[in-house]
Amino acid sequence: MKLEQLIENNAPLQLVGKSEVDVTGIEIDSRRVQPGCAFVAMRGTQVDGHAYIQKAVEQGAAVVVCETLPDTLAEGVTYVQYANTEDVVGPLATHFYGDPTKRMKLIGVTGTNGKTTIATLLYKMFLKFGYKCGLCSTVCNYINEVPVPTECTTPDPITLNRLFGQMADEGCEYAFMEVSSHSVAQKRIGGLTFAGGIFTNLTRDHLDYHKTFENYRDAKKAFFDMLPKDAFAVTNADDKNGMIMVQNTKATVKTYSLRAAADYKAKILEEGFEGMNLELDGMETFVQFVGRFNVSNLLAVYGAARMMAEHQSTDNGQRIGKEDILIALSTLKPVNGRFESIRSKEGVTAIVDYAHTPDALVNVLTTINEVLQHKGECWTICGAGGNRDKGKRPLMAQESVKHSDRVIITSDNPRNEEPQDIINDMLAGLDDEQKRKVLTIVDRREAIRTACMMAKPGDVILIAGKGHEDYQIIKGVKYHFDDHEVVREAFGLDS
């Protein structure tokens with residue numbers, strides 16, 4: 001693509017050099033620059049891309065997009081200056097990759113908890129309906145059914161558009177993605193066109209970045225503010241922020257709820273650790289999920305599927321009806337690391353779950369206790385991530401103790417912090433009475449083994465915080481660690 005084509009919709013403050021130069025790629029990481037690339041210098045939270053302009057030029061960058069021109073301009077390189085490169089990187093990447101989200105329907109899921117489950121279940125459901133689909137999630141990205149590894153919830157704008165471009169080129173008709181608050185605040189989704197948005201819930205998280213809950217909430221709301229008029233917004237009427245999210249959206253709004261009047265409703269008829277019998281939108285359906293929080297997730301999936309199906313049909317020409325959606329829901333299984341159950345030969349049940357916020361812990365523990373009905377003890381193993389929001393650490397400990405019979409506080413991903421310091425921050429939230437039911441074991445493997453050894457038949461052990469993750473980061477070093485593997489080993493089960 002010629003540079004003049006790349007910037008035709010985003011006029012710069014000034015351009016120094018030739019505008020007809022060929023651009024072979026676009027990058028924000030100087031290490032990935034190839035000859036002919038356009039390098040976009042971004043002022044990030046950790047580093048300033050302007051410091052790497054010279055490195056990008058040495059790598060062969062033909063174009064440098066920046067906010068401040070370097071003191072020395074390299075011969076043969078074109079410099080394009082904007083007031084804020086964060087504002088333009090998304091639209092430039094979208095344009096370079098042929099506006100992929102206008103060649104398919106992109107559905108975004110945002111909220112504190114439930115994003116991965118909802119996005120993944122929609123992706124799996126529409127594959128079942130015969131559509132080619134893509135998925136962009138915390139666990140893994142997929143183009144149709146081919147996995148593409150991922151390192152964060154929402155990648156940078158260039159990686160995103162490259163991924164969506166591949167999806168569109170492979171014939172994907174739908175793409176489903178988790179939309180994090182960081183991605184909205186940092187404009188990583190700039191330039192993308194969404195056909196629909198889903199709001200799950202809002203509780204304390206990422207305040208290390210957003211500083212206040214209001215900033216966090218407003219970042220989520222900004223996603224719905226940007227939805228176009230022909231899009232849909234499905235929101236959780238049971239969350240006090242559910243209607244705030246959509247109060248300024250131009251999209252068609254639908255609501256879902258377990259408690260309030262809403263477009264899509266459900267109630268639990270019967271539940272066990274193997275699944276639930278629900279009345280969903282007036283029809284009885286069995287699902288292979290457990291807990292009220294999962295009913296809420298399934299309602300979001302159902303509501304979005306209904307909205308998507310209104311103007312779509314399957315390949316054989318048959319319109320997707322509510323019965324088709326309910327049948328598909330009944331065949332779906334929990335996402336890796338989301339309330340996954342492992343049972344020992346002696347009758348101890350371990351639940352591996354990604355819950356890493358106080359509210360997520362409450363949701364999972366409430367579900368476990370509702371199913372247990374005091375017929376066994378509830379054990380909780382949890383920690384808190386290092387170099388993240390310290391304010392939630394005592395809250396995590398408090399909720400664990402409040403809803404469990406026994407608690408083991410251990411390491412999650414300490415990252416660059418001392419593991420014992422994180423545990424001490426959690427213990428600071430407990431009084432002497434509460435501490436009596438708490439053990440502290442810094443080594444996560446030993447903590448899991450201890451609980452599996454001490455638990456009795458009929459007990460349930462919640463192993464919270466890591467879910468699908470198969471690693472631990474300790475003092476900056478990444479090690480292989482999978483909660484599932486450790487549990488199965490402790491239970492004496494085959495891998």
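Excluded from the calculations below are hydrogen atoms, water molecules and symmetry mates; all remaining heavy atoms, backbone and side chain alike, are included.
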Tell me if the centroids of the rings in [X] and [Y] come within less than 6.0 Å of each other.
X: Y354; Y: H356; answer: yes
X: F194; Y: F223; answer: yes
X: F176; Y: Y123; answer: no
X: F339; Y: F289; answer: no

Between [X] and [Y], does any side-chain N to carboxylate O distance fall below 4.0 Å?
X: D353; Y: R338; answer: no
X: R43; Y: D48; answer: yes
X: D281; Y: R306; answer: yes
X: R103; Y: D169; answer: yes

No-hydrogen, no-angle side-chain donor-acceptor test under 3.5 Å, [X] and [Y]:
X: K102; Y: T193; result: no
X: H95; Y: Q5; result: no
X: Q472; Y: D412; result: no
X: H50; Y: E67; result: no
X: K187; Y: N84; result: no
X: D99; Y: T94; result: no
X: K221; Y: N248; result: yes
X: N277; Y: E284; result: yes
X: E178; Y: T116; result: yes

Fill in: Working for side-chain contact (heavy atoms from CB on, under 4.5 Å), residues D359 and L202
CA-CA 9 Å; D359 187 67; L202 201 66; over 6 Å; no

Write down the atom of [X], the atom of [Y], and the distance for their closest heavy-atom approach.
X: C140; Y: L135; result: O-CD2, 3.9 Å
X: G467; Y: H484; result: O-CE1, 3.2 Å
X: A41; Y: C66; result: CB-CB, 4.2 Å
X: E271; Y: G291; result: OE1-N, 3.7 Å
X: S257; Y: A260; result: OG-N, 2.5 Å
X: K254; Y: Y264; result: CB-CE1, 3.8 Å

Taking the side chain as every heavy atom from C-beta outward, state whether [X] and [Y] have any atom pair closer than 4.5 Å.
X: V234; Y: M307; answer: yes
X: C382; Y: S400; answer: yes
X: F126; Y: I320; answer: yes
X: M104; Y: E173; answer: no
X: K220; Y: M245; answer: yes
X: L92; Y: I7; answer: yes
X: V290; Y: E274; answer: no
X: N236; Y: Y256; answer: yes

Are the side chain of [X] and the backbone N or O of [Y] linked by a donor-acceptor pair below 3.5 Å?
X: T110; Y: V179; answer: yes
X: T235; Y: F199; answer: no
X: K466; Y: Y471; answer: yes
X: N161; Y: P100; answer: no
X: T366; Y: N363; answer: no
X: Y79; Y: A74; answer: yes
X: T78; Y: V63; answer: no
X: S30; Y: A56; answer: no
X: T112; Y: T203; answer: yes
X: R319; Y: E310; answer: yes

Distance in Å, [X] [atom1] paired with [Y] [atom2], rounded so as to fall on 0.5 Å steps:
X: I28; Y: M42; atom1: CD1; atom2: CE; value: 5.5 Å
X: L6; Y: D22; atom1: CG; atom2: CG; value: 11.5 Å
X: L106; Y: I189; atom1: CG; atom2: CD1; value: 9.0 Å
X: I351; Y: L462; atom1: CD1; atom2: CG; value: 7.5 Å
X: S137; Y: I118; atom1: OG; atom2: CD1; value: 12.5 Å
X: T200; Y: D239; atom1: OG1; atom2: CG; value: 7.5 Å

Above 12 or not: heavy atoms from other molecules or residues under 6.0 Å from [atom1] of [X]?
X: Y52; atom1: OH; answer: no
X: E145; atom1: CD; answer: no
X: Q14; atom1: CD; answer: yes

Worksheet entry | Working for salt bridge (Lys or Arg N to Asp or Glu O under 4.0 Å), residues R162 and E27 | CA-CA 11 Å; R162 185 185 295 122; E27 297 289 352; 3.0 Å; yes

Worksheet item: What's the verdict on side-chain contact (heavy atoms from CB on, under 4.5 Å) for K265 and E279, showing C-alpha distance, side-chain angles and the deciding distance?
Response: CA-CA 8 Å; K265 288 186 63 65; E279 183 182 293; over 6 Å; no

Discussion item. If you apply the rule side-chain contact (heavy atoms from CB on, under 4.5 Å), what do you find for K267 with L258, and how did you get there?
Written reply: CA-CA 6 Å; K267 65 178 179 179; L258 278 77; over 6 Å; no

Worksheet item: When you look at R31 and K55, which way does the side-chain contact (heavy atoms from CB on, under 4.5 Å) test go after all the steps?
Response: CA-CA 8 Å; R31 295 167 297 185; K55 173 74 183 304; 4.1 Å; yes

